[in-house]
Amino acid sequence: MDWVADAVHSINSIQLRHALTQLITLGLFVVSALVIWKGLMCVTGSESPVVVVLSGSMEPGFQRGDILFLHMSKDPIRAGDIVVFNIDGRDIPIVHRAIEVHERQVTEETYILTKGDNNGIDDRIMYNHGQLWLQQHHIMGRAVGFLPYVGWATIIMTEKPILKYVLIGALGLLVLTSKE
C-alpha cells in the first residue's frame, strides 16, 4: 500500500508546482507591465506618457475616451500646442490647448495660458486661486498622437469600480487556472 501513498504525494507535489508556476507567471506579467511603463517614461520624458481624455472640452479634435500619447521635449511650448498639465493639489491631469505663451528672457521662465477647444473662456477659473498662468513645472507633456475611443475601458472602470474588481479577479483566475 506504500505505492498509493507515494502516488498521492506525487500528485500533490505536481499540483503545488503548477500553482507556484502560475503565481510566478502572474508576477512576471505585472512586473513586465511596470517595466514597459517605466521604459515609456524614459523614452518620452513624461511622467505620464499615455493619458485618457475624460471630458468633451477638446471636441471636436479629441473626444471623450481618446488615448493621447505625450512627449516632453526641450522644445518650448508654443501657442497652439495641445498640452497635458496638472494643477497643484489636484490629481487628474487636464488636456487643453496653449493659447498664450509668454517667455521672460531674463529669468527664462515661461508662462502659459490654456483653453479647451470646446470651452468659451480660458482656464484661469480652473487654476488655483490667484494663479493666472501655468509654468513649465505644471506641464506633463505635449500631445504627439492619439488612439480614438480606446480609453473608454478606463473611463468605464473608473466610473463603475465594481467592474474593475470583477475584471481583475477574472484575469487572476484565468492565469491561475490555465494549463500552460
Result block: side-chain N/O donor-acceptor pairs under 3.5 angstrom for residues 146-173, not counting sequence neighbours:
from, atom 1, to, atom 2, distance (Å)
W152, NE1, R64, O, 3.1
T158, OG1, T154, O, 2.8
E159, OE2, R64, NH2, 2.4

- Treat each ILVMFWY residue as a node, draw an edge where side-chain heavy atoms are under 4.5 Å apart, and state whether I139 and I87 are in one component. yes

- Residues two or more places apart in sequence or in another chain: which of them pass salt bridge (charged side-chain N to carboxylate O under 4.0 Å, His left out) with E47? none

- Message: Can you pull out every side chain to side chain donor-acceptor pair (under 3.5 Å) where at least one residue sits in residues 86-97? Sequence neighbours excluded, please.
- Response: S57-H96, D88-H138, H96-D123, R97-D117

- Do the side chains of L70 and I92 join up, straight or via other hydrophobic residues, at under 4.5 Å, putting them in one cluster? no

- Query: What salt bridge (charged side-chain N to carboxylate O under 4.0 Å, His left out) pairs are there with at least one residue in residues 144-153, not counting sequence neighbours?
  - Reply: none

- V50 and V30: same hydrophobic cluster, using ILVMFWY side-chain contacts below 4.5 Å? no

- Message: Quick check on the hydrophobic clustering: are V52 and M140 connected, directly or via other members, by side-chain heavy-atom contacts under 4.5 Å?
- Response: no

Residues 75-83, side-chain donor-acceptor partners within the protein, below 3.5 Å, at least two apart:
from, atom 1, to, atom 2, distance (Å)
R78, NH1, E103, OE2, 2.7
D81, OD2, R78, N, 2.9
D81, OD2, R142, NE, 3.1

- Item | Separation between CG of N128 and CG of L134, rounded to the nearest 0.5 Å | 10.0 Å

- Residues in side-chain hydrogen bond (donor to acceptor under 3.5 Å, both in side chains) contact with Q63, at least two apart in sequence or another chain: none

- Can you pull the salt bridge (charged side-chain N to carboxylate O under 4.0 Å, His left out) pairs that have at least one residue in residues 26-36, sequence neighbours excluded? none

- Query: Say you draw a straight line from OH of Y111 to CZ of R104; how long is it, rounded to the nearest 0.5 Å?
  - Reply: 4.0 Å

- Message: Quick check for you: to the nearest 0.5 Å, what is the distance between T114 atom OG1 and N119 atom CG?
- Response: 9.5 Å

- Message: Give me the atom names and distance for the closest heavy-atom approach of V84 to P93.
- Response: CG1-CB, 3.6 Å

- Got a second to check how far M126's CE is from Q131's CD, nearest 0.5 Å? 10.5 Å

- Item | Any residue meeting ring pair (Phe, Tyr, Trp, His ring centres under 6.0 Å) with H102, in chain and number order, not counting sequence neighbours | W133

- Task: Could you grab the distance from atom CD1 of I99 to atom CG of D122, nearest 0.5 Å is fine?
- Result: 5.0 Å

- Query: Ignoring hydrogens and geometry, is there a side-chain-to-backbone donor-acceptor pair from D66 to V53 under 3.5 Å?
  - Reply: no

Got a list of side-chain donor-acceptor pairs under 3.5 Å for residues 32-45, not counting sequence neighbours?
from, atom 1, to, atom 2, distance (Å)
S32, OG, L28, O, 2.8
T44, OG1, L40, O, 2.8
T44, OG1, S46, N, 3.3

- Taking a hydrophobic cluster as the set of Ile, Leu, Val, Met, Phe, Trp and Tyr residues connected by side-chain heavy atoms closer than 4.5 Å, whether directly or through intermediates, do F85 and I121 fall within one such cluster? yes

- Message: Evaluate L113 against Y127 for side chain to side chain contact (heavy atoms under 4.5 Å, CB included), listing each step before the verdict.
- Response: CA-CA 10 Å; L113 179 63; Y127 300 163; 3.9 Å; yes

- Query: Got more than 12 heavy atoms from elsewhere within 6.0 Å of CG, L132?
  - Reply: yes

- Item | Separation between CE of M58 and CG of N118, rounded to the nearest 0.5 Å | 9.5 Å

